[in-house]
**Q** 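To start, I am sharing the structure in question, which I have written as structure tokens.
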Amino acid sequence: AGMLDLAAKTSDGLVNAANDTSSEFAGRVRPPRPTPLDGVLRVFDPRAATGADVLRRVNGGSYRHELFVAYAELQGMEAVLVTDKRLVVMEVCTLEVRFRVKMADIGSARTQGSGVLVSMKSPSSQGIKFYTEALGVSSPKPDRHLLCGDLTTAEFLVSTIVACCQAAA
């Protein structure tokens, strides 16, 4: 009797789905999982899925060929995206880039309170123009403070940034 009930309920569901005449499509319920480098499918992680989606869309998709590493929302309306090649701080709603820097240009990262202090390497005289354009400032600043709101997120970002900087060196 259990198998007959299962078959009946399954066929009822198929009939109902086929007879649904509403033209409204609900769309995605959640962003797609990021594709892991090692090919192992992991449990859905909302932060990683959101970050991978942001990677595909931020700055007109110009970073989509980089490898997604991490994503975290910061205090205020900002978020940070870490790829294998760069760190990008953007506005959450519009994905407008506020700050970006290549991993090779980061000197250090450490927690400071419940935030992250990212220190830049001193720019070379040839790279000063690129450096200031990358930071979006008129003169190079040695540090950038990311307000995380909690120590766990700050420690996660520091370990991620340090690992990416070591890999980029």
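Position 1 is the first residue of the sequence; numbering continues from there. Heavy atoms only: backbone and side chains are in, while hydrogens, waters and symmetry mates are out.
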**Q** List the atom of Phe44, the atom of Ala49, and the distance in Å for their closest heavy-atom pair.
**A** CE1-CB, 3.5 Å

**Q** Looking only at heavy atoms, what is the nearest atom pair of Tyr63 and Val58, with distance?
**A** CD1-CG1, 3.5 Å

**Q** Scan Arg56, Lys102, Arg86 and name whichever one has a salt bridge (charged side-chain N to carboxylate O under 4.0 Å, His left out) with Glu66.
**A**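 One option only clears the test, and that one is Arg86.
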
**Q** Look up atom CD in Glu96 and atom CD in Glu78, then write down how far apart they are to the nearest 0.5 Å.
**A**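 It comes to 10.0 Å.
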
**Q** Taking the side chain from Arg47 and the backbone from Asp45, do they hold a donor-acceptor pair closer than 3.5 Å?
**A**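 Not a single qualifying donor-acceptor pair exists.
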
**Q** What donor-acceptor contacts under 3.5 angstrom involve side-chain atoms of residues 154-161, with partners at least two apart or in another chain?
**A**
from   : atom 1 : to     : atom 2 : distance (Å)
Ser159 : OG     : Glu155 : O      : 3.3
Ser159 : OG     : Phe156 : O      : 3.0
Thr160 : OG1    : Phe156 : O      : 2.8

**Q** Would Asp143 and Ser119 satisfy side-chain hydrogen bond (donor to acceptor under 3.5 Å, both in side chains), going step by step from the backbone distance to the final call?
**A** CA-CA 4 Å; Asp143 300 328; Ser119 299; 2.7 Å; yes

**Q** Is there side-chain contact between Phe99 and Leu87, with at least one heavy-atom pair below 4.5 Å?
**A**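 The answer is yes; the side chains approach within 4.5 Å.
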
**Q** If two hydrophobic side chains count as joined below 4.5 Å and joins carry through other members, does Leu117 share a cluster with Val162?
**A** no

**Q** Measure across Tyr71 and Ala79 and return the closest heavy-atom pair with its distance rounded to 0.1 Å.
**A**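 Distance-wise, the nearest heavy atoms are OH-CB, 3.4 Å.
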
**Q** Between CD of Gln166 and CD1 of Ile106, what distance do you get to the nearest 0.5 Å?
**A**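 It comes to 12.0 Å.
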
**Q** Heavy atoms only: give me the nearest Met90-Val88 pair and the separation to one decimal.
**A**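 It is CE-O, 3.7 Å.
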
**Q** Can you name the nearest heavy-atom pair linking Ala168 to Met103, along with the distance?
**A**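 Taking Ala168 first and Met103 second, the nearest heavy atoms are CB-CB, 3.8 Å.
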
**Q** Calculate, to the nearest 0.5 Å, the distance between atoms CZ and CG belonging to Arg100 and Leu81 respectively.
**A**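 So the CZ of Arg100 and the CG of Leu81 are separated by 12.5 Å.
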
**Q** Any heavy-atom pair between the side chains of Val89 and Val80 that's under 4.5 Å?
**A** yes

**Q** Minimum heavy-atom separation for Cys148 and Leu74, please, with both atom names.
**A**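 That would be SG-CD2, 4.0 Å.
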
**Q** Tell me, please, which residues at least two apart from Glu73 pass salt bridge (Lys or Arg N to Asp or Glu O under 4.0 Å).
**A** none

**Q** Just so I know, are the side chains of Leu146 and Arg144 near enough to count as touching, which here means a heavy-atom distance under 4.5 Å?
**A**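 Yes. Closest side-chain heavy atoms under 4.5 Å.
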
**Q** Measuring from atom OG1 of Thr83 to atom CZ of Arg64, what distance do you get when rounded to the nearest 0.5 angstrom?
**A** 14.0 Å

**Q** Say whether Val97 and Val54 are linked into one hydrophobic cluster, either directly or through other cluster members, by side-chain heavy-atom distances under 4.5 angstrom.
**A**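 Result: yes, single cluster for both.
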
